[in-house]
Amino acid sequence: MRSAIGLASSKNIEGPYKYEDTIIYSDFLDHEAYDENSKVNKYYENTNLKELISKGTIEEVNPAWFTESGLYNTALYPNAIDPNLLYDKEGRLWLIYGSWSGGIFALELDKSSGRPIYPGEDSVTEDGRMVDRYFGTKIAAGYGRSAEGPFAIYDKNSDYYFLFVTYGGLAADGGYQVRVFRSKKIDGPYEDAMANEAVFPETFNQGVGNLTGNTDHMNIGNKIIGNFLFEQKDKEDGTEYEVGYLSPGHNSVYQEEKTGQLFLVFHTRFPNRGEEYELRIHQMFINEDGWPLVAPHRYAGETLKSIDPKEIIGQYMFINHGKDITGSIKKSKTIFLNKDYTISGDFQGEWAFKDDFEIELIIDDEQYKGILLKQWDPSTEEITMTFSALSKEGIEVWGSKTKE
C-alpha cells in the first residue's frame with residue numbers, strides 16, 4: 001500500500017498548520033513504475049530517500065527493501081501510516097507507526113523540529129530485532145499478519161511502556177480487536193503476559209501473500225477487547241436487553257494527568273447494524289500483575305471505590321474474549337459468584353475478594369486477576385457491579401451483574 005507520513009507545524013494547536021515535509025515513505029520501488037490512471041512515479045528517487053542519501057544522512061539504498069522483482073518488501077518493512085507521538089520517560093520524542101505488512105516501528109524525532117533522527121545505517125538490537133537505516137526499530141508484528149493502529153503510552157505508576165495494537169479487519173465481520181504488550185524501554189523489546197515477543201517470528205514468513213487468511217499470530221498479545229454481546233432478560237416484565245460491539249479497535253489511550261486515570265478511545269461497529277460505527281471510551285485499570293484491563297461498559301464518570309463484599313454476590317453475564325481472530329461474536333454466558341466464594345452456572349470455580357476493589361477468579365482451573373467496578377449499564381440504564389480480569393495467558397474476561 002503506497003503511503004507516507006507528513007509533517008505540519010503551527011504555533012497554535014488549532015492551527016493554521018503549515019506543511020513542512022514528508023518524513024516517511026513506503027511501498028516505493030527500485031525502478032520507474034506507475035499505478036493505473038496515475039502519473040505518480042513510484043521509483044524511490046521520488047521520495048525523500050534521494051536527498052537523505054546525497055546528504056549522507058543514511059547509507060545507500062537498502063537492497064532488502066525490495067523483492068527479487070523490484071517490488072517493495074512488504075514482509076519486512078512497514079506501511080507508513082498510523083503515526084503515534086509520545087515522549088519517553090527521559091523526555092525524548094518518538095514516532096510509533098506502521099501496520100499490516102512489515103510491522104510496527106519506533107523512530108526517534110528531533111524535539112525542536114519534529115523531524116526523524118534516522119538511524120543512518122542498519123543494525124540489530126541486543127535481542128536481535130531489526131534496526132533499519134530509514135524506518136527505525138521494529139517493535140511488533142510483521143510478515144503480512146494483521147497488526148495496525150499502534151498506540152504507545154508510558155505509565156509512570158507501573159514504569160512500563162504499553163503498546164496497543166489492533167488485529168483483524170475493520171469490517172463488521174473482520175474481527176477487529178485490541179491487543180497489548182509492554183516493555184521497560186520505548187523501543188522494546190515488547191512482550192505479552194506469556195512472554196511472547198511482539199515482533200512476530202521469522203517462521204511467519206511462509207505464506208505472506210494471504211493477508212486476511214493468516215491468523216497464526218492469534219496467541220501473541222493480550223486480547224483485551226473484541227467482539228462481544230451481553231444478553232439479559234428481566235424476569236419481572238420479560239424485557240430483553242443486549243449491548244455489544246463488533247470489530248472494536250484502532251484505539252488511542254488517554255491518561256488524565258492529575259488522577260492517572262486511563263481511558264481506551266476506539267471506534268466500533270455493533271451487532272445487527274452493518275458497517276455503521278461510532279466512537280466509544282472505556283476506562284482502563286492496571287491489575288496486580290501490571291497489565292491493562294478494559295472496563296466492560298463505556299465510561300460514565302465511574303471511579304474505583306471500596307466495594308462491600310456483599311454487593312459482589314449474585315448472577316453475572318460473563319464474557320471470555322479468548323484469543324481468536326474471527327468475525328464471530330462472544331455471547332455472554334451466566335455465572336454466579338456465590339457467598340461461599342464458589343462460582344457456579346455455565347462455568348465452575350472459585351473467587352476471592354482482595355484489597356477494596358481487587359478480585360481473583362479461578363474458572364475451569366484458569367486464574368484471572370482483576371478489579372471490581374460499579375458501572376452504568378447502557379442497556380438497562382442502571383448502575384451494576386462489573387469485573388474485568390486477565391489470565392496469565394493474556395485472556396481478558398468480563399462480568400456484569402444482572403437481576404436474578
Side-chain angles (χ1 to χ4, degrees), residues 164 167 175 177-181 192-194 218-232 242-246 248-249 262 264 266 268 280 282-298 302 304 307 311-326 328-338 341-355 357-375 377 379 384-402:
F164 298 82
Y167 287 6
Q177 56 191 247
V178 179
R179 304 276 179 139
V180 66
F181 302 87
D192 66 11
M194 288 285 286
M218 62 181 285
N219 290 317
I220 300 175
N222 298 355
K223 183 179 176 182
I224 57 174
I225 187 172
N227 296 344
F228 76 92
L229 183 66
F230 279 127
E231 298 177 304
Q232 61 178 306
E242 64 177 38
V243 61
Y245 298 157
L246 287 177
L262 286 167
L264 189 75
F266 58 96
T268 185
R280 285 292 182 268
H282 284 228
Q283 193 167 185
M284 291 194 296
F285 305 91
I286 307 299
N287 77 352
E288 181 183 345
D289 291 334
W291 287 107
L293 305 169
V294 178
H297 296 301
R298 67 194 195 205
E302 69 273 3
L304 284 178
I307 300 296
E311 297 180 283
I312 304 170
I313 299 166
Q315 175 179 306
Y316 288 77
M317 297 177 289
F318 178 77
I319 296 287
N320 181 326
H321 283 287
K323 282 291 191 78
D324 59 307
I325 309 173
T326 70
S328 63
I329 192 166
K330 306 287 187 183
K331 295 185 177 181
S332 59
K333 303 294 184 180
T334 299
I335 64 171
F336 297 86
L337 301 190
N338 303 311
Y341 297 100
T342 62
I343 298 174
S344 58
D346 290 329
F347 299 96
Q348 312 299 310
E350 302 173 352
W351 66 278
F353 177 61
K354 304 169 63 178
D355 299 331
F357 46 72
E358 292 184 353
I359 189 170
E360 183 176 305
L361 306 104
I362 298 176
I363 300 174
D364 289 348
D365 298 322
E366 191 72 48
Q367 182 186 50
Y368 300 85
K369 293 182 179 180
I371 59 96
L372 293 151
L373 179 69
K374 289 184 179 179
Q375 286 196 279
D377 182 340
S379 61
T384 190
M385 184 69 69
T386 71
F387 65 76
S388 305
L390 193 79
S391 74
K392 293 182 178 179
E393 283 69 37
I395 296 173
E396 181 149 336
V397 295
W398 289 347
S400 182
K401 194 174 181 182
T402 65

Please answer whether the main-chain N or O of Gly290 pairs with a side-chain N or O of Asn287 as donor and acceptor at a distance below 3.5 Å.
yes

Mind listing the closest non-hydrogen atom pair of Gln232 and Ser379 along with its distance?
NE2-OG, 3.7 Å

Can you find a heavy atom in the side chain of Phe347 that is under 4.5 Å from one in the side chain of Asn320?
no

For the side chain of Gln283 and the backbone of Glu302, is there at least one donor-acceptor N/O pair under 3.5 Å apart?
yes

Check whether the side chains of Gln375 and Thr386 place a donor and an acceptor atom closer than 3.5 Å, and report yes or no.
yes

So, are Lys323 and Glu393 salt-bridged, with charged N and O less than 4.0 Å apart?
no

Heavy-atom closest contact (Leu264 atom, Val294 atom, distance)
CD2-CG2, 4.0 Å

Show me the donor-acceptor pairs within less than 3.5 Å that the side chains of residues 364-372 make with the rest of the protein, sequence neighbours left out.
| unit_1 | atom_1 | unit_2 | atom_2 | d |
| --- | --- | --- | --- | --- |
| Gln367 | NE2 | Glu360 | OE2 | 3.0 |
| Lys369 | NZ | Asp289 | OD1 | 3.3 |

Quick one: does His282's side chain have a donor or acceptor within less than 3.5 Å of a partner on Ala295's backbone?
yes

Does the ring center of His321 lie less than 6.0 Å from the ring center of Trp398?
yes

Lys401 side chain vs Phe387 backbone, donor-acceptor pair below 3.5 Å
no

Checking side-chain polar atoms at under 3.5 Å, does Gln315 have a donor or acceptor matched by the opposite partner on Thr402?
yes

Does a salt bridge link Lys223 with Asp324, judged by any charged N lying under 4.0 Å from a carboxylate O?
yes

Kindly say whether Thr334 contributes a backbone atom to a donor-acceptor pair with the side chain of Asp346 at under 3.5 angstrom?
yes

Polar side-chain atom of Asn227 near backbone of Ser328 as donor-acceptor pair, under 3.5 Å
yes

Is there a donor-acceptor contact under 3.5 Å from the side chain of Trp291 to the main chain of Ala389?
no

Between Tyr167 and Ile220, is any pair of side-chain heavy atoms under 4.5 Å apart?
yes

